[in-house]
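Lettering of chains follows the sequences in order, A, B, ..., and the numbering in each one begins at 1.
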Amino acid sequence: MRRLLLVLIGVVVAGCTGGGTETVRPVSAAPSPAASGPEILPLLISSELPKGPTRFLFSLTDRANNLIAAPDVKVHLLFYDVDTAPDTVVFEADARFLWAIEGERGLYAADVNYPDAGRWGTRMNATLPDGSTKTVRIEYDVLESGSTVAIGARAPSIETPTIASAGGDVRAVSTDQQPAERFYTTSVDDALAAGKAFVLVFATPAFCETAICGPTLETVKSVATAYPDLTFINVEPYQMTFADGSLQPALDASGQLQPAPWTDAFGLRTEPWVFVIGADGTVRAKFEAVLGADELRTAIDAAVAG
Amino acid sequence: MRQASIALVAVAALIVGCGPATKSAAGIVVAVDQASLTEIRSFTLRTETGEMLTFRIGALDLSSGAFPANHLREHMATAIAVAVAYTEENGERVAVRLVDAPWVEQ
């Protein structure tokens, strides 16, 4: 059945492309000629890797593009400063597995601290469930600074929408179908002025461009129940208008979504993001894309402790 | 049977906007060049043969199950395959339509 299906797809797409052109070929339909080189291949997920403390987000596939990342595949990382000593390990880290789509697909995160910007390399040593090991090394650029507010930098003081500022209707500030109202009672500038730690979530459950932003907000909501006195703020990353009882994207002249002012203020080029901000108003931790409840709890506890 | 249905729907969605000069490819997203939250400049696909293909984002046809360029990051984070219909302009691949590629065995 599967072979028949694959042939059928090939015929259908070939009809689309016309004679003699490239076609979509199902991965499993033909042997992969990429039979040499590393047996595992990296995917660098982080949209930016700035100098200093940051979160290294990555995944692993095999040569046929099958996902290898899994809870029982452990990965140890070795980091090299390619510009100075390309074969000398500068620091190491164990990666932790995170579900991107619960129970289906995941990736890895590691907390790292790059001492310098420039060309860096990372060797990923994966131990598979049968005890065998696979390894691959990648190289990439570490930036002098990223676009998002850096860990240790002051969070921008900016007014963000609340239920009160929006006229008392939570639907005017959230696209969450089951909004936690406490996430929409404090503006970011007021939270900073209060001088207490808080958590800021940029995620739009209804209009997110990724299937992982809804679950990210849900993870934060679940963690928030254990911190009843802590301020949590969810902001929609895109400009919205309230119409017919719900938020709708405010599209530009070309029909595209537009970033909200607070999204630009925090320098976001992707979403979702979660920021943990300390009582002194500085960013203590930040999480791009996928977020584990444990790592958020750890970051909150550290921020609350001072 | 369900998989077959999904694949056929996806392929149908891919080709709806195809013109005679349109080509196509499939693989996983390994890089996204993003100027801002809403401006995706280009992305790179790694095909099943190990080929790395970079596509500039053109005027995307979003009809019939196709997705916007912002969606590419999710595909990269989850290593879910993407099929792209594209044209070639001055030796450059220009993506005109993006769809999920669930028929790619993963």
**Asked** Hey, which of R46(B), M76(B), H75(B) has the most heavy atom pairs under 4.5 Å with chain A?
**Response** R46(B)
**Prompt:** Taking L268(A), L57(A), T61(A) one by one, which has the highest count of heavy-atom pairs under 4.5 Å against chain B?
**Reply:** T61(A)
**Asked** Which region of Q258(A), side chain (C-beta onward) or backbone (N, CA, C, O), has a non-hydrogen atom less than 4.5 Å from a non-hydrogen atom of chain B, or is it both or neither?
**Response** backbone
**Message:** At a 4.5 Å cut-off on heavy atoms, which part of T263(A) comes close to chain B: side chain, backbone, both, or neither?
**Reply:** side chain
**Request:** Please say which of L67(A), N65(A), L41(A) ends up in a side-chain contact (heavy atoms from CB on, under 4.5 Å) with I28(B).
**Result:** N65(A)
**Fill in**
Honestly, the part of V29(B) sitting under 4.5 Å from a heavy atom of chain A is backbone
**Asked** Rounded to the nearest 0.5 Å, how far apart are CG of L37(B) and OH of Y238(A)?
**Response** 4.0 Å
**Item:** side-chain contact (heavy atoms from CB on, under 4.5 Å) evaluation trace for I80(B) with I101(A)
**Value:** CA-CA 11 Å; I80(B) 292 175; I101(A) 301 172; 4.2 Å; yes
**Request:** Taking all non-hydrogen atoms of both residues into account, name the closest pair between A100(A) and T78(B) and its distance.
**Result:** CB-CG2, 3.9 Å
**Asked** Do R63(A) side-chain atoms and E48(B) backbone N/O form a donor-acceptor pair below 3.5 Å?
**Response** no
**Complete:** Sorted by chain and residue number, the ring-ring contact (aromatic ring centres under 6.0 Å, His included) partners of W99(A) (sequence neighbours excluded) come out as F97(A)
**Request:** Could you tell me which residues satisfy side chain to side chain contact (heavy atoms under 4.5 Å, CB included) with P156(A), sequence neighbours excluded, listed by chain and number?
**Result:** V149(A), A265(A), F266(A)
**Fill in**
The reported gap from CG in N70(B) to CG in L257(A) (rounded to nearest 0.5 angstrom) is 6.5 Å
**Item:** Which portion of A69(B) sits near chain A, non-hydrogen atoms under 4.5 angstrom
**Value:** neither
**Prompt:** For the side chain of Q34(B) and the backbone of R269(A), is there at least one donor-acceptor N/O pair under 3.5 Å apart?
**Reply:** yes
**Prompt:** Distance-only, no hydrogens or angles: does the R105(A) side chain make a donor-acceptor pair with backbone N or O of A79(B) under 3.5 Å?
**Reply:** yes
**Item:** Interface moiety of D62(A) toward chain B, non-hydrogen atoms closer than 4.5 Å
**Value:** backbone
**Message:** Report which part of S147(A) has an atom under 4.5 Å of a heavy atom belonging to chain B: side chain, backbone, both, or neither.
**Reply:** neither
